[in-house]
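In what follows, every chain begins at residue 1, and chains take the letters A, B, ... in the order their sequences are listed. Note that the coordinates shown come from a computational prediction; the quantities given were computed from them, not determined experimentally.
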Number of protein chains: 2
Amino acid sequence: MKPLLEDIKQELKAKNIYLSHQRLKVLECLIQNHCHPTAEELFIGLHKDMPTLSKTTVYNTLRILAESDLVRTITIEGNESRYDIVTGDHGHFKCGSCGMIFDFPIDFDSLLTKELIRFKIIEKNIYFKGLCPECISNKQKIK
Amino acid sequence: MKPLLEDIKQELKAKNIYLSHQRLKVLECLIQNHCHPTAEELFIGLHKDMPTLSKTTVYNTLRILAESDLVRTITIEGNESRYDIVTGDHGHFKCGSCGMIFDFPIDFDSLLTKELIRFKIIEKNIYFKGLCPECISNKQKIK
DNA sequence: TGTAGAATTGTAATGATTACAATTATTATA
DNA sequence: TATAATAATTGTAATCATTACAATTCTACA
Ligand SMILES: [Mn+2]
Ligand SMILES: [Mn+2]
Ligand SMILES: [Zn+2]
Ligand SMILES: [Zn+2]
């Protein structure tokens, strides 16, 4: 599940991708924050300790990591991409009230219907929208 | 599954949404083309017969229809929204070679894990990416 | 140490979508 | 039917995430 930085470093070396200071910081941030941040959020968080960091570098790094399958790009909203260091199959739930994104497990085998038998599946994505338990109970209180 | 224009007209009337000429044409186009078009594609297709049509109207119409749950917004790529007149639960497969988007059935009950038991699910989305049978066989020929 | 190649940076460009104000169409009312 | 109020459409400008690009800086290797 949760990947270790050391393992990722190994994979990067194996794929001949140079691990610069900036790239390392982006990776660390993704590993520590499983909140599926946007590029902007990553930039803001990293910029505090790295005032010279460029937003372009954040985007470049995320693209390289995604192309190497070390990061998964999540598109839920259409006007923003989010990034997930957990690349294994799992679903995402976005709460429409607080905006939080939750992971949940998925049995992908049960999804493979006969209609897809002749298709080659490379990437699988599932996301739900609705209300998280916290926000549901908050609404109850207001009533 | 495939909705009829008459049924949609009824629903619009029930929801007090005025069915203008432009909105009707957008709906007709979505019903006739199950290719999950973008707003741009809809605009180009409709503009031939309706030179006065504005792209803003296409966007406005799609937003209203989506808010009324008569159209489903599909975000697969992140830099473009696509629209589907079929609002019932089903999955989408996008071929990375030809770009076509295919529908496939989904057993959503099998997705409801205990982790989501306290969440209120309002919208469910599944999309896969990969290669369609046609493009797979085309690759074989090249070899 | 010098140099070629790669990474980073800052800025400008792109492109989808939205905001807005003016115009046009529809509906309700007299 | 004429009039006024309301709603929809249109064209243009603005927004905002992302990308392109050229200049600068860094890294690895001889
Ligand atoms: Mn996740
Ligand atoms: Mn569909
Ligand atoms: Zn919530
Ligand atoms: Zn294909």
Is the closest basic N to carboxylate O distance between [X] and [Y] below 4.0 Å?
| X | Y | result |
| --- | --- | --- |
| A:Arg118 | B:Glu134 | no |
| B:Glu77 | B:Arg82 | no |
| A:Arg72 | A:Glu67 | no |
| A:Lys13 | A:Glu6 | no |

Starting at atom [atom1] of [X], determine the distance to atom [atom2] of [N], rounded to an integer number of angstrom.
| X | N | atom1 | atom2 | answer |
| --- | --- | --- | --- | --- |
| A:Asn16 | C:dG5 | CG | C1' | 13 Å |
| B:Lys13 | C:dT26 | NZ | P | 15 Å |
| B:Glu77 | C:dG15 | CD | C1' | 15 Å |
| A:Gln22 | C:dA6 | CD | C1' | 12 Å |

### Query
Under 3.5 Å, is there a donor-acceptor pair between the side chain of A:Thr75 and the main chain of A:Gly78?
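Not at all, since once roles are kept as given, no pair shorter than 3.5 Å links the two residues.
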
### Query
Just by distance, do the side chain of B:Asp84 and the backbone of B:Val86 share a donor-acceptor pair under 3.5 Å?
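Yes: the side chain of B:Asp84 pairs with the backbone of B:Val86.
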
### Contacting residues from residues 38-64 of chain A, given that a heavy atom lies under 4.0 angstrom of DNA chain D
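Contacts with DNA chain D under 4.0 Å: A:Thr56, A:Tyr59.
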
### Query
Can we call the ring centroids of A:Phe102 and B:Phe119 under 6.0 Å apart?
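Yes - the distance between ring centres of A:Phe102 and B:Phe119 falls below the 6.0 Å cut-off.
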
### Task
Please work out which of the three classes, parallel, tilted or perpendicular, describes the rings of A:Phe104 and A:Phe128, given edges at 30° and 60°.
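Rings of A:Phe128 and A:Phe104: tilted, as their planes differ by 30° to 60°.
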
### B:His90 and B:His36 aromatic ring geometry - parallel, tilted or perpendicular at 30°/60° bounds
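Plane angle between 30° and 60°, so tilted.
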
### Message
With a strict under 4.0 Å distance from non-hydrogen atoms of chain B, what nucleotide opens and what nucleotide closes the contacted stretch of DNA chain D, reading 5' to 3'?
### Response
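In short, chain B contacts DNA chain D from D:dA8 to D:dT12.
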
#### Entry: Toward the 5' end of DNA chain C, by each residue's nearest nucleotide, B:Tyr18 or B:Tyr83
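Looking at DNA chain C, the more 5' nearest nucleotide goes with B:Tyr83.
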
### Task
Mark yes when over 12 heavy atoms from residues, nucleotides or ligands other than A:Ile117 sit less than 6.0 Å from its CD1; otherwise mark no.
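Open.
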
### Message
Is it the case that atom NZ in B:Lys129 sees more than 12 heavy atoms from other parts of the structure closer than 6.0 Å?
### Response
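Yes, NZ of B:Lys129 has more than 12 neighbouring heavy atoms, counting only those of other groups under 6.0 Å.
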
### Query
Using the C1' atoms of five pairs at each end, what's the angle between the two axes of the helix from C:dT1-D:dA30 to C:dA30-D:dT1, to 10 degrees?
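What I find for the helix from C:dT1-D:dA30 to C:dA30-D:dT1 is an axis angle of 20°.
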
